[in-house]
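Here the structure is laid out as C-alpha coordinates; the discussion comes afterwards.
Order of listing sets the numbers, starting from 1, for every ligand and every atom in it. Starting from 1, each residue takes its place in the sequence as its number.
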Amino acid sequence: MNHIPAINKATRSLHWIVALAMLGLLAMGFYMSKFEVWGLYELHKSLALLACIAIALRLFWRYLRPWQALPSKASPMMQGLAKWTHRLLLMSTLAMPISGMLFSGISGHGFGVFGLRLLAANPDPMQPGEVLSHNKSLEVLAQNLHEYFGYAVVALLLLHIAGALKHHWVDKDATLLRMLGGTSKH
Ligand code: HEM
Ligand code: HEM
(Lines give C-alpha, C1' and ligand atoms only; values in the text may rest on other atoms or scores of the structure.)
(Ligands and ions follow the chains in the order given, each with its own letter.)
Protein backbone atom coordinates (compact mmCIF):
# COMPACT_ATOMS: atom_id res chain seq x y z
CA MET A 1 0.00 0.00 0.00
CA ASN A 2 1.52 3.33 -1.06
CA HIS A 3 1.40 6.17 1.41
CA ILE A 4 0.51 9.57 -0.04
CA PRO A 5 0.51 12.94 1.73
CA ALA A 6 -2.83 13.62 3.44
CA ILE A 7 -4.79 16.79 2.75
CA ASN A 8 -5.14 19.05 5.75
CA LYS A 9 -8.56 18.84 7.44
CA ALA A 10 -9.26 22.58 7.10
CA THR A 11 -8.53 22.40 3.34
CA ARG A 12 -10.85 19.43 2.92
CA SER A 13 -13.65 20.90 5.04
CA LEU A 14 -13.52 24.23 3.21
CA HIS A 15 -13.56 22.45 -0.19
CA TRP A 16 -16.69 20.47 0.72
CA ILE A 17 -18.54 23.34 2.46
CA VAL A 18 -17.99 25.64 -0.55
CA ALA A 19 -18.73 22.78 -3.00
CA LEU A 20 -22.08 21.98 -1.34
CA ALA A 21 -22.98 25.67 -1.15
CA MET A 22 -22.17 26.23 -4.86
CA LEU A 23 -24.06 23.10 -5.99
CA GLY A 24 -27.09 24.02 -3.86
CA LEU A 25 -27.13 27.67 -4.98
CA LEU A 26 -26.77 26.71 -8.66
CA ALA A 27 -29.71 24.29 -8.43
CA MET A 28 -31.80 26.77 -6.43
CA GLY A 29 -30.94 29.67 -8.78
CA PHE A 30 -31.87 27.83 -11.97
CA TYR A 31 -35.03 26.39 -10.38
CA MET A 32 -36.35 29.68 -8.97
CA SER A 33 -35.60 31.66 -12.17
CA LYS A 34 -37.02 29.08 -14.57
CA PHE A 35 -40.24 28.55 -12.59
CA GLU A 36 -40.42 32.15 -11.32
CA VAL A 37 -40.61 31.11 -7.67
CA TRP A 38 -40.31 34.66 -6.30
CA GLY A 39 -40.59 33.41 -2.71
CA LEU A 40 -37.13 31.80 -2.99
CA TYR A 41 -35.27 34.91 -4.17
CA GLU A 42 -34.56 36.39 -0.71
CA LEU A 43 -33.54 32.94 0.61
CA HIS A 44 -31.15 32.50 -2.36
CA LYS A 45 -29.54 35.85 -1.63
CA SER A 46 -29.29 35.23 2.14
CA LEU A 47 -27.72 31.77 1.74
CA ALA A 48 -25.34 33.01 -0.97
CA LEU A 49 -24.17 35.93 1.17
CA LEU A 50 -23.57 33.54 4.10
CA ALA A 51 -21.66 31.23 1.73
CA CYS A 52 -19.40 34.21 0.96
CA ILE A 53 -17.90 33.86 4.46
CA ALA A 54 -16.77 30.29 3.69
CA ILE A 55 -15.69 31.36 0.18
CA ALA A 56 -13.52 34.17 1.57
CA LEU A 57 -12.01 31.85 4.20
CA ARG A 58 -11.30 29.26 1.53
CA LEU A 59 -9.57 31.73 -0.80
CA PHE A 60 -7.50 33.11 2.08
CA TRP A 61 -6.57 29.58 3.19
CA ARG A 62 -5.66 28.64 -0.39
CA TYR A 63 -3.44 31.72 -0.58
CA LEU A 64 -1.67 30.70 2.66
CA ARG A 65 -1.34 27.07 1.58
CA PRO A 66 -0.95 26.64 -2.17
CA TRP A 67 -2.38 23.38 -3.56
CA GLN A 68 -0.09 20.34 -3.30
CA ALA A 69 -0.59 18.27 -6.43
CA LEU A 70 -0.27 14.49 -6.27
CA PRO A 71 2.70 13.08 -8.16
CA SER A 72 0.86 12.26 -11.38
CA LYS A 73 1.45 10.07 -14.42
CA ALA A 74 -0.99 12.21 -16.41
CA SER A 75 0.16 13.97 -19.60
CA PRO A 76 1.12 17.68 -19.33
CA MET A 77 -2.07 18.48 -21.26
CA MET A 78 -4.32 16.72 -18.73
CA GLN A 79 -2.43 18.29 -15.83
CA GLY A 80 -2.87 21.71 -17.45
CA LEU A 81 -6.60 21.04 -17.93
CA ALA A 82 -6.99 20.10 -14.23
CA LYS A 83 -5.02 23.15 -13.11
CA TRP A 84 -7.10 25.54 -15.22
CA THR A 85 -10.37 23.91 -14.18
CA HIS A 86 -9.36 24.47 -10.53
CA ARG A 87 -8.36 28.08 -11.17
CA LEU A 88 -11.60 28.86 -12.99
CA LEU A 89 -13.66 27.12 -10.29
CA LEU A 90 -11.97 29.24 -7.64
CA MET A 91 -12.68 32.38 -9.70
CA SER A 92 -16.30 31.29 -10.16
CA THR A 93 -16.78 31.34 -6.38
CA LEU A 94 -16.19 35.10 -6.62
CA ALA A 95 -17.79 35.79 -10.01
CA MET A 96 -21.15 34.25 -9.01
CA PRO A 97 -21.78 36.26 -5.82
CA ILE A 98 -20.40 39.50 -7.33
CA SER A 99 -22.61 39.28 -10.44
CA GLY A 100 -25.59 38.32 -8.21
CA MET A 101 -25.06 41.33 -5.95
CA LEU A 102 -24.62 43.63 -8.97
CA PHE A 103 -27.87 42.40 -10.48
CA SER A 104 -29.87 42.71 -7.25
CA GLY A 105 -28.34 46.10 -6.49
CA ILE A 106 -28.76 47.67 -9.95
CA SER A 107 -32.27 46.25 -10.43
CA GLY A 108 -33.33 48.15 -7.29
CA HIS A 109 -34.25 45.06 -5.24
CA GLY A 110 -31.23 45.29 -2.93
CA PHE A 111 -30.15 42.39 -0.75
CA GLY A 112 -29.57 41.27 2.80
CA VAL A 113 -29.14 38.25 5.05
CA PHE A 114 -32.35 36.94 6.62
CA GLY A 115 -33.93 40.37 7.13
CA LEU A 116 -30.69 42.23 7.89
CA ARG A 117 -30.55 44.66 4.91
CA LEU A 118 -27.08 45.19 3.47
CA LEU A 119 -28.21 47.17 0.42
CA ALA A 120 -31.57 48.91 0.55
CA ALA A 121 -34.20 48.52 -2.17
CA ASN A 122 -35.12 51.46 -4.42
CA PRO A 123 -38.92 51.71 -4.01
CA ASP A 124 -41.00 53.07 -6.89
CA PRO A 125 -43.01 56.03 -5.49
CA MET A 126 -45.63 55.60 -8.25
CA GLN A 127 -46.28 51.89 -7.64
CA PRO A 128 -46.24 50.80 -3.99
CA GLY A 129 -44.56 47.40 -3.51
CA GLU A 130 -42.53 47.73 -6.75
CA VAL A 131 -38.91 48.80 -7.17
CA LEU A 132 -37.18 51.08 -9.68
CA SER A 133 -34.12 49.97 -11.63
CA HIS A 134 -31.06 52.23 -11.27
CA ASN A 135 -30.00 51.53 -14.85
CA LYS A 136 -31.92 49.16 -17.10
CA SER A 137 -29.10 48.23 -19.50
CA LEU A 138 -26.57 47.59 -16.70
CA GLU A 139 -29.23 45.56 -14.91
CA VAL A 140 -29.70 43.31 -17.97
CA LEU A 141 -25.92 42.99 -18.36
CA ALA A 142 -25.50 41.89 -14.72
CA GLN A 143 -28.45 39.51 -15.01
CA ASN A 144 -26.95 37.92 -18.14
CA LEU A 145 -23.53 37.66 -16.48
CA HIS A 146 -25.03 35.87 -13.46
CA GLU A 147 -26.94 33.48 -15.74
CA TYR A 148 -24.12 32.69 -18.21
CA PHE A 149 -21.49 32.39 -15.47
CA GLY A 150 -23.90 29.84 -13.96
CA TYR A 151 -23.87 27.75 -17.17
CA ALA A 152 -20.07 27.99 -17.34
CA VAL A 153 -19.72 26.77 -13.74
CA VAL A 154 -21.96 23.77 -14.51
CA ALA A 155 -19.72 22.88 -17.50
CA LEU A 156 -16.56 23.25 -15.36
CA LEU A 157 -18.09 21.11 -12.62
CA LEU A 158 -18.97 18.32 -15.05
CA LEU A 159 -15.33 18.32 -16.15
CA HIS A 160 -14.12 18.48 -12.53
CA ILE A 161 -16.34 15.62 -11.33
CA ALA A 162 -15.53 13.50 -14.41
CA GLY A 163 -11.82 14.08 -13.63
CA ALA A 164 -12.26 13.01 -10.00
CA LEU A 165 -14.13 9.84 -11.04
CA LYS A 166 -11.52 9.04 -13.71
CA HIS A 167 -8.79 9.22 -11.06
CA HIS A 168 -10.78 6.89 -8.84
CA TRP A 169 -12.04 4.29 -11.32
CA VAL A 170 -9.67 4.42 -14.31
CA ASP A 171 -6.29 5.51 -12.90
CA LYS A 172 -7.13 3.90 -9.53
CA ASP A 173 -5.17 6.54 -7.63
CA ALA A 174 -5.97 8.28 -4.34
CA THR A 175 -6.94 11.75 -5.65
CA LEU A 176 -10.62 11.43 -4.67
CA LEU A 177 -10.04 9.35 -1.51
CA ARG A 178 -7.52 11.87 -0.29
CA MET A 179 -10.09 14.65 -0.73
CA LEU A 180 -12.57 12.53 1.25
CA GLY A 181 -10.09 12.09 4.10
CA GLY A 182 -8.35 8.84 3.15
CA THR A 183 -4.58 8.74 2.75
CA SER A 184 -3.78 5.37 1.27
CA LYS A 185 -3.89 4.16 -2.30
CA HIS A 186 -6.54 1.50 -3.02
C1 HEM B 1 -19.38 16.26 -6.24
C2 HEM B 1 -18.63 17.33 -6.37
C3 HEM B 1 -17.13 17.40 -6.26
C4 HEM B 1 -16.15 16.41 -6.24
C5 HEM B 1 -16.35 14.89 -6.32
C6 HEM B 1 -14.88 17.07 -6.12
C7 HEM B 1 -13.65 16.45 -6.01
C8 HEM B 1 -12.42 17.05 -5.89
C9 HEM B 1 -11.15 16.38 -5.74
C10 HEM B 1 -10.97 14.88 -5.68
C11 HEM B 1 -10.19 17.32 -5.67
C12 HEM B 1 -8.68 17.07 -5.49
C13 HEM B 1 -7.95 17.24 -6.80
C14 HEM B 1 -6.45 17.04 -6.66
O15 HEM B 1 -5.97 16.52 -5.65
O16 HEM B 1 -5.74 17.44 -7.61
C17 HEM B 1 -10.83 18.61 -5.80
C18 HEM B 1 -10.17 19.82 -5.80
C19 HEM B 1 -10.78 21.02 -6.06
N20 HEM B 1 -12.14 21.26 -6.15
FE21 HEM B 1 -13.58 19.86 -6.10
N22 HEM B 1 -15.07 18.45 -6.11
C23 HEM B 1 -16.42 18.68 -6.20
C24 HEM B 1 -17.06 19.89 -6.22
C25 HEM B 1 -16.39 21.10 -6.33
C26 HEM B 1 -17.05 22.40 -6.43
C27 HEM B 1 -18.58 22.62 -6.47
C28 HEM B 1 -16.05 23.33 -6.51
C29 HEM B 1 -16.17 24.84 -6.64
C30 HEM B 1 -17.06 25.48 -7.24
C31 HEM B 1 -14.78 22.63 -6.46
C32 HEM B 1 -13.54 23.24 -6.54
C33 HEM B 1 -12.34 22.59 -6.41
C34 HEM B 1 -11.04 23.24 -6.50
C35 HEM B 1 -10.82 24.73 -6.78
C36 HEM B 1 -10.07 22.25 -6.28
C37 HEM B 1 -8.54 22.42 -6.30
C38 HEM B 1 -8.07 22.59 -4.93
C39 HEM B 1 -7.81 24.02 -4.63
O40 HEM B 1 -7.26 24.70 -5.50
O41 HEM B 1 -8.19 24.46 -3.55
N42 HEM B 1 -15.02 21.28 -6.33
N43 HEM B 1 -12.20 18.43 -5.92
C1 HEM C 1 -22.65 32.46 -4.35
C2 HEM C 1 -22.94 31.90 -5.41
C3 HEM C 1 -24.19 32.01 -6.26
C4 HEM C 1 -24.57 31.08 -7.15
C5 HEM C 1 -23.86 29.75 -7.45
C6 HEM C 1 -25.78 31.55 -7.78
C7 HEM C 1 -26.44 30.89 -8.79
C8 HEM C 1 -27.55 31.38 -9.46
C9 HEM C 1 -28.11 30.80 -10.64
C10 HEM C 1 -27.58 29.57 -11.37
C11 HEM C 1 -29.19 31.54 -10.99
C12 HEM C 1 -30.13 31.32 -12.20
C13 HEM C 1 -29.75 32.27 -13.32
C14 HEM C 1 -30.79 32.33 -14.40
O15 HEM C 1 -31.17 31.28 -14.93
O16 HEM C 1 -31.23 33.46 -14.72
C17 HEM C 1 -29.32 32.60 -10.02
C18 HEM C 1 -30.32 33.56 -10.04
C19 HEM C 1 -30.33 34.65 -9.21
N20 HEM C 1 -29.40 34.97 -8.25
FE21 HEM C 1 -27.78 33.88 -7.74
N22 HEM C 1 -26.14 32.77 -7.26
C23 HEM C 1 -25.18 33.11 -6.31
C24 HEM C 1 -25.15 34.26 -5.56
C25 HEM C 1 -26.10 35.27 -5.61
C26 HEM C 1 -26.07 36.50 -4.81
C27 HEM C 1 -24.97 36.86 -3.79
C28 HEM C 1 -27.16 37.22 -5.15
C29 HEM C 1 -27.61 38.58 -4.65
C30 HEM C 1 -27.27 39.11 -3.51
C31 HEM C 1 -27.90 36.46 -6.14
C32 HEM C 1 -29.09 36.86 -6.72
C33 HEM C 1 -29.77 36.17 -7.68
C34 HEM C 1 -31.01 36.63 -8.28
C35 HEM C 1 -31.79 37.90 -7.93
C36 HEM C 1 -31.35 35.67 -9.25
C37 HEM C 1 -32.58 35.69 -10.18
C38 HEM C 1 -32.16 36.14 -11.55
C39 HEM C 1 -33.30 36.21 -12.53
O40 HEM C 1 -34.46 36.15 -12.12
O41 HEM C 1 -33.01 36.33 -13.72
N42 HEM C 1 -27.22 35.28 -6.40
N43 HEM C 1 -28.31 32.50 -9.11
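- When only interatomic distances are considered, the shortest N/O to N/O separation between Trp16 and ligand 1 does not fall below 3.5 Å.
- Leu145 and Ile55 fall within a single hydrophobic cluster, where Ile, Leu, Val, Met, Phe, Trp and Tyr are joined by side-chain heavy atoms under 4.5 Å apart, directly or via other members.
- Note: Ile7 CD1 to His15 NE2 = 8.5 Å, rounded to the nearest 0.5 Å.
- Of all N, O or S atoms in His15, the one lying closest to atom 21 (Fe) of ligand 1 is NE2.
- Rounded to the nearest 0.5 Å, atoms OG (Ser13) and CD1 (Ile17) are 6.0 Å apart.
- Atoms of ligand 1 lying under 4.0 Å from any heavy atom of Leu176, numbered from 1 in the order shown and given with element: 10 (C).
- Annotation: atom 16 (O) of ligand 1 to nearest protein heavy atom, Trp67 NE1, 3.4 Å.
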task: Walk me through it: do Glu147 and Lys34 pass the test salt bridge (Lys or Arg N to Asp or Glu O under 4.0 Å)?
output: CA-CA 11 Å; Glu147 180 177 356; Lys34 181 159 173 36; over 6 Å; no
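- Among all non-hydrogen protein atoms, the one lying nearest atom 32 (C) of ligand 1 is Leu89 CD1, 3.7 Å.
- If you check which protein heavy atom lies closest to atom 34 (C) of ligand 1, you get Arg58 NH2, 3.6 Å.
- Of the N or O atoms in Arg178, one or more lie within a sub-3.5 Å distance of an N or O in ligand 1.
- Summary: NE2 is the N/O/S atom of His146 found nearest to atom 21 (Fe) of ligand 2.
- Atoms of ligand 1 found under 4.0 Å from any heavy atom of Arg62, numbered from 1 in the order shown, are 39 (C), 40 (O), 41 (O).
- Scanning all protein heavy atoms for the shortest distance to atom 7 (C) of ligand 2 gives Met96 CE, 3.4 Å.
- Nearest protein heavy-atom neighbour of atom 11 (C) of ligand 1: Met179 CG, 3.7 Å.
- How far CE of Met78 is from NZ of Lys83: 15.5 Å, rounded to the nearest 0.5 Å.
- In this structure, atom 24 (C) of ligand 1 lies nearest to the protein heavy atom Ala19 CB, 3.6 Å.
- Leu156 and Val154 fall within the same hydrophobic cluster, defined by Ile, Leu, Val, Met, Phe, Trp and Tyr side-chain heavy atoms under 4.5 Å apart, directly or through other members.
- Looking only at heavy atoms of the protein, atom 5 (C) of ligand 2 is closest to Leu25 CB, 3.7 Å.
- Looking only at heavy atoms of the protein, atom 36 (C) of ligand 2 is closest to Met32 CE, 3.5 Å.
- Atom NE2 is the N, O or S atom of His160 at the shortest distance from atom 21 (Fe) of ligand 1.
- At the shortest separation from atom 9 (C) of ligand 2 among protein heavy atoms lies Gly29 CA, 3.6 Å.
- Closest to atom 33 (C) of ligand 2 among all protein heavy atoms lies His44 CD2, 3.5 Å.
- In terms of protein heavy atoms, atom 38 (C) of ligand 2 is closest to Phe103 CE2, 3.6 Å.
- Checked against a 6.0 Å centroid threshold, the rings of Tyr41 and Phe111 do not count as neighbours.
- Closest to atom 1 (C) of ligand 1 among all protein heavy atoms lies Ile161 CD1, 3.8 Å.
- Annotation for ligand 2: atoms under 4.0 Å from non-hydrogen atoms of Ala48 are 1 (C), 24 (C), 25 (C), 26 (C), 27 (C).
- Just one of His167, His168, Lys166 meets the side-chain hydrogen bond (donor to acceptor under 3.5 Å, both in side chains) condition when paired with Thr175; it is His167.
- Residues Ala95 and Ser99 approach most closely at O-OG, 2.8 Å, considering heavy atoms.
- Remark: minimum distance from atom 39 (C) of ligand 2 to any protein heavy atom is reached at Gln143 NE2, 3.6 Å.
- Annotation for ligand 1: atoms under 4.0 Å from non-hydrogen atoms of Leu90 are 35 (C), 40 (O).
- Scanning the protein heavy atoms around atom 40 (O) of ligand 2, the nearest turns out to be Tyr41 OH, 2.6 Å.
- At a heavy-atom distance under 4.0 Å, only side-chain atoms of Phe111, from C-beta outward, approach ligand 2.
- Nearest protein neighbour of atom 13 (C) of ligand 1, counting heavy atoms only, is Thr175 CG2, 3.7 Å.
- Around atom CZ of Phe30, more than 12 heavy atoms belonging to other residues, nucleotides or ligands sit under 6.0 Å away.
- For Val18, the closest heavy-atom approach to ligand 1 does not fall below 4.0 Å.
- Scanning the protein for heavy atoms near atom 28 (C) of ligand 1, the closest one is Leu157 CD2, 4.0 Å.
- Backbone and side-chain nitrogen or oxygen atoms of His86 are examined, and none is located within less than 3.5 angstrom of a nitrogen or oxygen of ligand 1.
- At least one heavy atom of Ser104 sits closer than 4.0 Å to an atom of ligand 2.
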